[in-house]
Amino acid sequence: MDIKHRMIVFDAADIDAESAFWAAFLGGTVEAWGDRWRAIWVDGEWALGVQSAPNHVPPDWPDGAPQQMHLDFYFEGLEAHYAAHEQVISLGGRLLKAADDRTAPRGVQVYADPAGHPFCLCWMPN
């Protein structure tokens with residue numbers, strides 16, 4: 001089997017806001033595929049898709065509507081994690097759960113993108 005592309009697809013009511021968030025965070029570019037679909041290309045290696053779902057109900061992690069999947073992004077060292085945190089917040093993401101110890105050599109914080117999809121920013125020692 002020769003798979004040409006690998007894509008993770010998010011549903012969102014506002015596909016332009018969702019696409020802009022992920023493209024800016026991952027350093028990718030957005031390509032419109034019609035009125036109901038956006039593709040975010042990152043380094044030619046992998047892509048995210050955003051499809052229109054006008055009645056999308058965001059997950060309410062951890063106690064409400066369940067998440068269907070989530071992404072983990074790993075950074076080496078606390079400084080890289082702090083920079084990613086600031087970028088996510090400046091792009092319209094929000095912190096859902098702070099780490100128990102933000103000074104520990106290894107940890108994770110949970111965030112939501114503009115459409116409410118949870119994802120994690122993790123750090124580990126350099």
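For this chain, numbers begin at 1 and follow the sequence in order. In this text the structure is predicted, and so the values were computed from the model without any measurement.
In this structure, the side chains of Glu76 and Pro125 stay at 4.5 Å or more apart for every pair of heavy atoms. Two residues are said to be in side-chain contact when any heavy atoms from C-beta on lie closer than 4.5 Å; Val30 and Trp22 fail this criterion.
Every pair passing ring pair (Phe, Tyr, Trp, His ring centres under 6.0 Å) that includes a residue from residues 84-114 is listed here, sequence neighbours excluded: His85-Tyr111, Tyr111-Phe119. Note on residues 90-101: pairs passing side chain to side chain donor-acceptor pair (under 3.5 Å), not counting sequence neighbours, are Asp101-Thr103. Screening residues 15-33 for salt bridge (Lys or Arg N to Asp or Glu O under 4.0 Å) gives Asp16-Arg38 as the qualifying pairs, with residues at least two apart or on separate chains.
Annotation: side chain to side chain donor-acceptor pair (under 3.5 Å) contacts of Gln87 (sequence neighbours excluded): none. Among residues two or more places apart in sequence or in another chain, the side chain to side chain donor-acceptor pair (under 3.5 Å) test is passed with Asn126 by none. A search for side chain to side chain contact (heavy atoms under 4.5 Å, CB included) contacts involving Ala80 returns Phe75, not counting sequence neighbours. Residues that satisfy the salt bridge (charged side-chain N to carboxylate O under 4.0 Å, His left out) test with Asp72, not counting sequence neighbours, are absent from this structure. Qualifying side chain to side chain donor-acceptor pair (under 3.5 Å) partners for Asp14, counting only residues two or more places apart in sequence or in other chains: none. For Phe25, the ring pair (Phe, Tyr, Trp, His ring centres under 6.0 Å) partners at least two apart in sequence or on another chain are Phe73. Take Arg106 and apply the side chain to side chain donor-acceptor pair (under 3.5 Å) test, not counting sequence neighbours, and it matches no residue.
Distance CG/Asp35 to CD1/Ile15: 7.5 Å, rounded to 0.5 Å. Annotation: the span from Ser19 atom OG to Phe10 atom CZ amounts to 10.5 Å, rounded to 0.5 Å. Between atom CD1 of residue Ile40 and atom OG1 of residue Thr29 there is a gap of 9.0 Å, rounded to the nearest 0.5 Å.
The two residues Cys120 and His70 have their closest heavy-atom pair at SG-CD2, 3.9 Å. The shortest non-hydrogen separation linking Met7 to Ala39 is CE-CB, 4.1 Å.
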Would you mind writing out the side-chain donor-acceptor pairs for residues 48-61 within the sub-3.5 Å range, not counting sequence neighbours?
residue	atom	partner	partner atom	Å
Gln51	NE2	Asp11	OD1	2.6
His56	NE2	His117	NE2	3.4

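Side-chain heavy-atom separations under 4.5 angstrom define the hydrophobic clusters, and the remaining members of the one that includes Trp123 are Leu78, Tyr82.
Val110 and Leu71 sit in two unconnected hydrophobic clusters of ILVMFWY residues. Membership requires side-chain heavy atoms under 4.5 Å apart, directly or through other members. Follow the hydrophobic side-chain contacts under 4.5 Å out from Phe21 and you reach Ile8 in the same cluster.
Checking side-chain atoms of Gln109 against main-chain N and O of Leu121 turns up no donor-acceptor pair under 3.5 Å.
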